[in-house]
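These notes are about the structure you will find just below.
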Amino acid sequence: MRPRARLRKPAIITRRLLSLIIRGVAITTTSFAVAFGFLSGATSGNYDPNMFAIGVAALFGAACGGMGIMLSRIRQMKGELRELEARLEEVEDRHWEIKEAQERANSFFEAQGDVIVRRDSSGTVTYVNDAFCALAGRSRDELVGSSFALPVEEQGKAVQHADGTRIYDQKIRSGDGSRWIAWREVTVRSDGESETQSVGRDITDRVMAERALAEARDQAEAANRAKSRFLAMVSHEIRTPLNGILGMADLLGDTPLTPEQTSYVAATKTSGQTLLGFIEEMLDLAKIEAGRLELTAAPFALAGFVEATVELLGPRAQGKGLEICAYIDERLPARVIGDAARLRQVLFNLAGNAIKFTESGGVSIIVEPSEQPDHIAISVRDTGIGIAPENQTRIFAEFEQADSGPTRKFDGIGLGLTISKRIVERMGGTIAIESALGKGSTFRVTIPLRRDGVADVSAFTAPDLHGHNILIIAPAAIEASLLARRLQRWGARTAIVPDENVAAALMPEQPWSAVLVDHALGTGTSAALARLAANASRRLVLVTPAMRHELSALKEAGFTGYLIKPVRAASLAARFSADDAFDHGMAAEEPTIAPIAAPPVVPGGDGLSILVAEDNEINALLMRALLMKLGHHVTMAESGSAAVACWEAARAAGTPFDRVLMDLHMPGMDGIAATRRIRAVEAEDQGLHTPIIALTANVSAEDRDACLAAGMDGFLIKPLDRDQLAEALAASNSAAFAA
Ligand code: ADP
């Protein structure tokens, strides 16, 4: 029994005793009255014993009946009473429990740190907890019934949830200083009235921490921006003297030199170019970090683009005795829309690394459709040193290299992969690596490249080679297997053999429509194989560009055609076209290697009259020498205003300049202002338009736009390349901007 129930017991006993006494008095009184009735009847004169007996019996019966009824009633009432007592006890227990729970809830409410306040519809406070009293600095009695409001210093934005809850932050002025409170406001019903209950949590510490964090982040971002600016500025400043070094080395190379001096000049140029490469990477990273990497979207021919990129890397790979080749799946669209220049940069980096970290074997670049629609997958595979699993994530971070110890034998600064990854991600693609130490590496780039809406015409017609057997004799497997794969796609049956002995054994086995011999077997062996394969209608030799001088000897030996490595699909198709002959198709096969010191023809024959505005002495000297070597007449001006004055004087004298080369950064009047001035004079006179080409070490899009806006026609980036300079001068219109 619970303690409260035990307390109620004496009251019940008192009530029962009282009812017993009353009942006893009533029964005794009735008994006396009946006994008195009988006695007075018996002592009266007309006493009839029979009637008396009947009366007594009736009375006795009535008494017995009454008593019986009374007894059963008493029993029934006792049962009801017991039931009532039990229910009463139960209700009392429930009441006790509810009270206890309420007390517990109250103490819990008060004990927690959240501040709680309730107001009725008129804003009068109906309830506050202790925490609210403490925050307000007032007692509960003062607050309840008043329209007190906490003093607000700052109000956050309120958000209303679908369930009606309103959430907002407030900065409150309190006795302990300012506190940030996050409020949750809900409408509740109390005694049929609707009230607003606001529960506030003190978030001062959190807000302070967040603000400190935001401040730290802002500082870090500012520092990062400063670093990027510094990188860009330093790189830009280094490019200018580099222009001098590389240009002068070029000029020096054109003078009569001893073989020893020639090798020194070549080393100077190589070192300068390597340094330039590093600077380009740092500039790129600075640009990416500053969020200024802008991608363009223009249509380009996918296969041609990949093959041209691979061809550019060809001499580097072949110089190391490595194979390099590309395979572009024919299911891919012929033309796609994307940023070809940035994609080339990624390919260059991945394939360049593949060459750098491979000592034997080679590199293959395979372009296929990806599983995702409108995506292509480019795999760059090598047979090089490979990368240990623990380094495979790290190498994508800035300045990270798998082997960065002092004994490192490869050059590079560890930015190529970082830049490639950022470019690929910016394009919406991914870059993944598969590699094992000593087993080579595969970098797989998957990027979205939309098909160009214009007619999807392939650059060449694939020959039908069904029923043709083709034998490929090549000591190295990479290019041979990709050639075989392509020939099989065109319907041919192919066999690859690694040396002349196996080839000699295989040749008589069946008739061969064509035999492809890799010149890497040696000129003598290749010639012998051509003679052996005299029955084949096509005998093709695969040569590197460096071996072109062997071609006439190879033709003599019996080859019907040749293919320059890395082989383009279009060249291969051309060799199998019906009317192919040994001397045909040269243009398609020419790799895009820079011509050896053959400057483009200058319009006008006896040179142009060129005004050069350049404040840097060495660069001015270089420019003058380069232009004079190209056969032009040069006038130098060392500032923007001097350039404008020269230009005006020449015009007035009736001998206007044919071109103006304008440095952008000059003291006083800069290149942009000088150009504007020249254009303004031209507009007034409606006179001749002088092509103006900007000279700058800055490659940013803003500079380019500023040049265009000022009315310039071209843009040359320092360090200057002699061929680029010649090309820009030959182009008299704004096409040079596309370079
Ligand atoms: P860098 O080549 O200038 O060092 P990268 O960012 O291009 O910088 O590459 C980072 C590192 O990743 C390289 O130094 C090299 O250790 C590793 N690496 C990249 N490509 C290959 C590869 N194909 N084979 C082996 N190691 C590679």
Side-chain angles (χ1 to χ4, degrees), residues 231 235 238 270-289 293 306 309-310 312-314 316-327 342-367 377-427 429-446 476 478 566:
L231 262 180
S235 315
I238 297 172
T270 312
S271 307
Q273 271 159 350
T274 310
L275 186 56
L276 186 64
F278 295 163
I279 291 165
E280 302 287 356
E281 285 191 343
M282 287 207 285
L283 259 177
D284 265 339
L285 185 73
K287 209 185 281 176
I288 290 170
E289 295 220 317
L293 178 75
V306 177
T309 309
V310 172
L312 280 175
L313 288 162
R316 222 155 106 191
Q318 286 150 4
K320 275 183 88 177
L322 300 175
E323 285 192 281
I324 183 163
C325 51
Y327 181 86
R342 288 292 174 189
L343 188 57
R344 182 181 296 115
Q345 191 179 353
V346 173
L347 267 185
F348 245 84
N349 177 253
L350 297 182
N353 275 348
I355 297 169
K356 181 160 75 175
F357 297 105
T358 302
E359 293 306 326
S360 64
V363 179
S364 60
I365 291 131
I366 295 173
V367 191
I378 306 174
S379 302
V380 180
R381 245 175 238 166
D382 66 56
T383 53
I385 59 171
I387 305 159
E390 64 271 20
N391 291 331
Q392 289 180 8
T393 313
R394 190 168 65 82
I395 52 169
F396 286 100
E398 285 166 39
F399 303 107
E400 287 286 357
Q401 297 172 317
D403 162 26
S404 49
T407 55
R408 184 180 162 78
K409 67 172 187 173
F410 302 100
D411 60 3
I413 51 173
L415 280 184
L417 285 181
T418 313
I419 293 168
S420 300
K421 187 167 190 272
R422 305 261 187 108
I423 293 175
V424 168
E425 284 171 355
R426 180 83 173 67
M427 287 175 167
T430 54
I431 184 163
I433 177 173
E434 219 176 87
S435 182
L437 218 48
K439 299 259 166 62
S441 314
T442 301
F443 285 84
R444 191 176 159 91
V445 172
T446 308
I478 298 175

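Just so you know, these numbers use all the heavy atoms, side chains as well, and skip hydrogens, waters and symmetry mates. Note that this is a predicted model, so its numbers are computed, not measured. Ligands are counted one by one from 1 in listed order, and the atoms in each one are counted from 1 as well.
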List ligand 1 atoms under 4.0 Å from Lys356, heavy atoms only on the residue side.
1 (P), 2 (O), 3 (O)
Run Tyr327 and Val367 through side chain to side chain contact (heavy atoms under 4.5 Å, CB included) and show every step you take.
CA-CA 6 Å; Tyr327 181 86; Val367 191; over 6 Å; no
Min side-chain heavy-atom separation Thr418-Ile288 under 4.5 Å:
no
Minimum distance, heavy atoms only, to atom 17 (C) of ligand 1: which one of Ile395, Ile385, Thr383 is it?
Ile395
Side chains of Asn391 and Arg394 in contact at under 4.5 Å (non-hydrogen atoms)
yes
For the CD atom on Gln392, are there more than 12 heavy atoms of other groups (residues, nucleotides or ligands in this structure) within a distance under 6.0 Å?
yes
Would you say Phe443 touches ligand 1, if touching means a heavy atom closer than 4.0 Å?
yes
Check whether any N or O atom of Glu281, backbone or side chain, sits under 3.5 Å from an N or O atom of ligand 1, and answer yes or no.
no
Could you tell me whether Gly414 and ligand 1 have an N or O pair separated by under 3.5 Å?
yes
Considering only heavy atoms of Leu417, which atoms of ligand 1 have at least one such atom less than 4.0 Å away?
5 (P), 6 (O), 7 (O), 9 (O), 10 (C), 12 (O), 19 (C)
Restricting to pairs with a member in residues 316-327, which pass salt bridge (charged side-chain N to carboxylate O under 4.0 Å, His left out), not counting sequence neighbours?
Lys320-Glu359
Restricting to salt bridge (charged side-chain N to carboxylate O under 4.0 Å, His left out), what partner residues turn up for Asp284, sequence neighbours left out?
Arg342
Are any of the N or O atoms of Gln401 closer than 3.5 Å to those of ligand 1?
yes
State whether the shortest distance between N or O atoms of Gly416 and N or O atoms of ligand 1 falls below 3.5 angstrom.
yes
Measure the shortest side-chain to side-chain distance between Phe357 and Ile387 over non-hydrogen atoms and say whether it is less than 4.5 angstrom.
no
Is any side-chain heavy atom of Phe396 closer than 4.5 Å to a side-chain heavy atom of Ile431?
yes
Near Ile387 (heavy-atom distance under 4.0 Å), the atoms of ligand 1 are 18 (N), 21 (C), 25 (C), 26 (N), 27 (C)
Report yes if Ala402 has an N/O atom closer than 3.5 Å to an N/O atom of ligand 1; otherwise report no.
yes
For Ala354, the ligand 1 atoms whose distance to one of its heavy atoms is below 4.0 Å
23 (N)
Leu343 side chain reached by Ile423 side chain, heavy atoms, under 4.5 Å:
no
Does Glu400, backbone or side chain, put an N or O under 3.5 Å from an N or O of ligand 1?
no
Can you name the atoms of ligand 1, numbered from 1 with element, that are less than 4.0 Å from a heavy atom of Leu415?
6 (O), 8 (O)
Pick whichever of Ile433, Leu350, Asn353 has a heavy atom sitting closest to atom 20 (N) of ligand 1.
Asn353
